[in-house]
Amino acid sequence: ASVTASFEVAPGHPALALLADQGLPAPEPGEALILRRTLAADGRSRAFVNDEPVSIGFLRGLGDRLVEIEGQFASQGLLDPATHRAALDAIGKLEKRARAVADAHGAWHRAATALAAAEEAHARARQEEDYLRHAAAELTQLDPKPGEEATLAETRTRMMQGEKLAEALSAADEALIGDGGVEGRFATARRALLRIAERAGGRLDPVLAALERASEEAAEAAAQLERAAAALEADPRGLEAVEERLFALRAMARKFRVEPEALAALRDEFAARLGALDDSGKTRAALAKTVEATRRSFLDEAEALSEGRKRAARSLDKAVAAELGPLKLERAVFRTRIDRLAEGDWTALGLDRVTFEVATNPGAAPGPIGRIASGGELARFLLAVKVALQAGSPATTLVFDEVDAGIGGATAAAVGQRLARLAGATQVLVVTHSPQVAACAAHHWRVVKRDGSAGTRTEIEPLSPEARREEVARMLAGARITDEARAAADRLIAGQRR
């Protein structure tokens with residue numbers, strides 16, 4: 001089986017926000033929002049929105065924002081008290097005020113969360129204070145430097161190879177200065193050439209210049225070699241000192257379970273945490289002031305919203321009362337009850353619990369619609385409230401199931417007229433057995449059960465204007481449709497159109 005429903009939704013409709021929350025694209029202007037569910041023969045079910053796969057739960061939630069079912073056996077719509085507050089805000093045009101309340105509550109919540117985190121961090125830091133101070137003192141005394149461990153390790157390696165270095169330096173020194181030295185031999189060669197340079201006609205000048213440079217470079221090499229040898233012998237305890245420092249850094253790193261390179265940053269972190277601990281009183285006091293300020297702001301906005309709800313409730317109660325008489329519920333009372341919530345129950349929706357209540361008998365205490373009204377009364381109550389709320393309903397389709405149960409005549413006609421009024425603002429689907437209600441509709445389908453060799457089959461048939469007349473006449477006359485019934489159907493349909 002496959003069931004598909006197509007909806008035209010206005011910009012800003014709550015269903016579009018639900019799509020955005022799930023990362024689903026909204027339909028382009030002029031395009032439909034298409035919901036589809038399939039059921040395979042093995043019982044597996046799949047759901048789609050504009051051909052994008054979604055969960056069954058998401059499809060149900062989206063459908064609840066598009067279709068509202070009212071009736072004596074419905075469990076959603078106005079029978080759900082959770083919808084009453086939003087319905088009251090809509091009829092009172094309080095949406096902007098409600099958004100301001102939600103924003104103020106969010107700011108208050110964020111401030112309270114920040115204060116709670118600061119208090120928790122302070123308490124945790126107090127528990128760790130002795131450890132932090134001892135650890136910070138150890139690290140401060142050690143005073144690790146970034147990159148120090150690597151430098152020390154390299155120095156230690158070089159110093160451990162000092163004997164080999166000394167041998168190499170000695171051999172190099174012997175080569176440079178032994179037996180008169182390289183510099184002396186360069187000088188001897190240069191003096192010998194200088195004696196005959198004039199007779200060479202300048203041809204020895206490059207050789208003399210090269211020998212002079214070589215002599216100078218040899219002298220510099222010998223000096224550098226001497227300095228290197230002196231540095232190697234300058235501190236006989238150098239290797240011991242380097243190893244002590246290196247091993248101290250590595251031992252501290254093992255103690256704190258970090259790399260030696262991280263010790264300097266760890267010292268700074270401990271110092272910062274101690275500083276924050278010493279300064280946390282000021283921080284927490286500032287956060288507490290912010291919490292109180294944002295709470296007051298939320299409360300001001302929420303109080304204004306509550307006042308708006310009270311005005312909207314009076315207007316709604318009056319509008320519903322005007323609808324009850326024609327629906328033969330003139331002895332009934334409808335009341336919008338607004339209860340102030342305890343502070344612990346305040347939410348982004350404000351300070352109030354909103355409940356629609358009714359009393360069907362004079363002197364009886366009002367109670368929730370679903371528990372007080374009988375089946376027939378319930379459907380009419382819901383219709384009266386829905387007519388009064390029609391400007392504030394986000395649903396694109398309203399479904400009334402057996403709204404005409406237990407009534408007839410003028411009352412049924414009043415029901416049909418009110419359903420027609422609702423249909424001027426939104427799509428209304430009605431399941432009815434009343435000719436007075438059916439006569440008010442613009443389009444008609446007949447639901448029929450047929451028995452056959454393959455079993456019972458339920459069919460839904462669209463009705464032409466002539467078939468509509470016949471069906472209304474059948475509802476008036478019964479099994480045998482007479483000319484008088486057809487004439488009565490014509491009068492009924494014509495009267496409802498007026």
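In what follows, every heavy atom counts, from backbone to side chain, and hydrogens, waters and symmetry copies are set aside.
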Exercise for review: Hey, can you tell me if W445 and H443 have their rings parallel, tilted or perpendicular (30° and 60° cut-offs)?
Suggested key: tilted

Practice item. Decide yes or no for I338 and L88: does some side-chain heavy atom of the first lie under 4.5 Å from some side-chain heavy atom of the second? Key: yes

Exercise for review: Could you tell me whether the side chain of R46 and the main chain of P53 form a donor-acceptor pair under 3.5 Å?
Suggested key: no

Point to revise | Heavy-atom closest pair, residues A98 and D89 | key: CB-OD2, 4.2 Å

Practice item. Start with the C-alpha gap between E307 and K310, add the side-chain angles, then the distance that decides, and say whether salt bridge (Lys or Arg N to Asp or Glu O under 4.0 Å) holds. Key: CA-CA 5 Å; E307 290 301 315; K310 291 174 184 176; 3.4 Å; yes

Check your understanding: Less than 4.5 Å apart, any side-chain heavy atom of S2 and any of R37?
Key -> no

Check your understanding: From R85 CZ over to T347 OG1, what is the distance, rounded to the nearest 0.5 angstrom?
Key -> 5.0 Å

Review point. So, R36 and D51, do they make that salt bridge, N to O below 4.0 Å?
Key: yes

Review point. Is there side-chain contact between E471 and H444, with heavy atoms separated by less than 4.5 Å?
Key: no

Review point. Any Lys/Arg nitrogen of E470 or R446 sitting under 4.0 Å from an Asp/Glu carboxylate oxygen of the other?
Key: no

Practice item. Using a strict 4.0 Å threshold on nitrogen-to-oxygen distance, state whether D490 and R486 make a salt bridge. Key: no

Review point. Side chain to side chain contact (heavy atoms under 4.5 Å, CB included) between K386 and L398: does it pass, once the steps are laid out?
Key: CA-CA 9 Å; K386 183 54 66 177; L398 299 175; 3.9 Å; yes

Exercise for review: Indicate yes or no: at least one non-hydrogen side-chain atom of C440 is less than 4.5 angstrom from one of L419.
Suggested key: no

Review point. In Å and rounded to the nearest 0.5 Å, what is the CG to OG1 distance from D451 to T456?
Key: 4.0 Å

Review point. Salt bridge between E301 and R99, side-chain N to carboxylate O under 4.0 Å?
Key: no

**Study point:** Exam field: side chain T426 to backbone A423, donor-acceptor pair closer than 3.5 Å
**Key:** no

Review point. Counting N and O atoms only, with roles assigned by atom type, does the side chain of E8 sit under 3.5 Å from a partner on the main chain of A32, one being a donor and the other an acceptor?
Key: no

Practice item. Examine the side chains of S434 and Q436 and answer whether a donor and an acceptor come within less than 3.5 Å of each other. Key: yes

Check your understanding: Counting only N and O atoms by type, is there a donor-acceptor contact under 3.5 Å from the side chain of S45 to the main-chain atoms of T38?
Key -> yes

Check your understanding: Between the main-chain N or O of A302 and the side-chain N or O of S306, is there a donor-acceptor pair closer than 3.5 Å?
Key -> yes

Check your understanding: Within a strict 4.5 Å, meaning less than it, do heavy atoms of the T360 and F381 side chains meet?
Key -> yes

**Study point:** Over all atoms of both residues, closest heavy-atom pair of A485 and L476
**Key:** O-CD1, 4.1 Å

Review point. Closest approach of L249 and P144, non-hydrogen atoms and distance?
Key: CD2-CB, 3.9 Å

Review point. About how many Å separate OG1 of T411 and CG of L327, when rounded to the nearest 0.5 Å?
Key: 7.5 Å

**Study point:** CZ/R421: more than 12 non-hydrogen atoms of other groups inside 6.0 Å
**Key:** yes

Exercise for review: Keeping the roles fixed (side chain from N50, backbone from I34), state whether a donor-acceptor pair exists under 3.5 Å.
Suggested key: yes

Exercise for review: Answer whether the closest heavy-atom distance between the side chains of L66 and H13 falls below 4.5 Å.
Suggested key: yes

Review point. If you take all heavy atoms of E261 and G147, which pair is closest and at what distance?
Key: OE1-N, 2.9 Å

Exercise for review: Give a yes or no on whether the backbone of A439 and the side-chain of R468 come within a donor-acceptor separation of less than 3.5 Å.
Suggested key: yes

Practice item. Check the pair V67 / L429 against side chain to side chain contact (heavy atoms under 4.5 Å, CB included), numbers first and verdict last. Key: CA-CA 10 Å; V67 178; L429 303 180; over 6 Å; no

**Study point:** Side-chain heavy-atom pair F256, R267 within 4.5 angstrom cut-off
**Key:** no

Check your understanding: Distance from E119 atom CD to T283 atom OG1, nearest 0.5 Å?
Key -> 11.0 Å

Check your understanding: Between atom CG of L305 and atom CG of D300, what is the distance when rounded to the nearest 0.5 Å?
Key -> 12.5 Å

Review point. What is the minimum heavy-atom distance between G350 and R309, and which atoms define it?
Key: CA-NH1, 4.3 Å

Practice item. Kindly say whether A286 contributes a backbone atom to a donor-acceptor pair with the side chain of T290 at under 3.5 angstrom? Key: yes

Check your understanding: Between F356 and F334, what is the ring plane arrangement, given parallel below 30°, perpendicular above 60°, and tilted in between?
Key -> tilted

Review point. Which pair of heavy atoms, one from T294 and one from A111, lies closest together, and at what distance?
Key: OG1-CB, 3.8 Å

**Study point:** R335/D317 ion pair, N-O < 4.0 Å
**Key:** no

Check your understanding: So, does D42 use its side chain to make a donor-acceptor pair with the main chain of R44 at under 3.5 Å?
Key -> yes

**Study point:** Derivation and outcome, side chain to side chain contact (heavy atoms under 4.5 Å, CB included), residues L422 and V387
**Key:** CA-CA 6 Å; L422 278 178; V387 169; 4.0 Å; yes

Review point. Around E303, counting heavy atoms of other residues, nucleotides and ligands shown, do more than 12 lie under 6.0 Å from its CD?
Key: yes

Exercise for review: Verify side chain to side chain contact (heavy atoms under 4.5 Å, CB included) between L351 and L299, making sure each step is shown before the conclusion.
Suggested key: CA-CA 8 Å; L351 314 175; L299 199 54; 3.9 Å; yes

**Study point:** Rounded distance [0.5 Å steps], CZ in F270 versus CG in L132
**Key:** 6.0 Å

Check your understanding: Does a side-chain heavy-atom distance below 4.5 Å link P27 with L19?
Key -> yes

